[in-house]
Amino acid sequence: MRTASVTPPEVDHEAAEGLGTECRRLLPSATKTARIGADLTAVVMGTPSARPASLLDSVADRETNGTASAPASAGRRSSAGSARHRREERHEPVPE
């Protein structure tokens with residue numbers, strides 16, 4: 001059995017740098033904030049930067065990935081160790 005030798009294409013570094021610059025100009029920058037609702041749902045408008053994403057992943061369960069069609073479906077719910085979850089387990093009303 002023969003294996004074909006594939007030569008990688010040459011990279012035009014100047015064009016690649018120009019493409020990166022254009023992408024940064026056209027695409028929104030990462031969001032550094034989240035809105036926390038009364039029901040403890042966190043909504044990030046846009047792509048979260050590393051810091052809020054890490055914080056939210058450490059304290060809540062992600063409901064969706066990517067773009068959501070409605071703010072209510074774009075959030076995160078409190079995780080099993082959260083105060084909201086403990087209240088729900090005891091069937092206590094959760095303030096709205």
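Keep in mind that the numbers below use all heavy atoms, side chains included, and drop hydrogens, waters and symmetry copies.
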For residues 42-53, tabulate all N or O donor-acceptor pairs below 3.5 Å that involve a side-chain atom, not counting sequence neighbours.
unit_1	atom_1	unit_2	atom_2	d
Ser49	OG	Thr31	O	3.3

Q: Just jot down the salt bridge (Lys or Arg N to Asp or Glu O under 4.0 Å) partners of Glu22, sequence neighbours excluded, or say none.
A: Arg25
Q) Which residue pairs pass the salt bridge (Lys or Arg N to Asp or Glu O under 4.0 Å) test with at least one member in residues 6-18, sequence neighbours excluded? A) none
**Q.** Leu56 side, atom CG; Ile36 side, atom CD1 - distance, nearest 0.5 Å
**A.** 6.0 Å
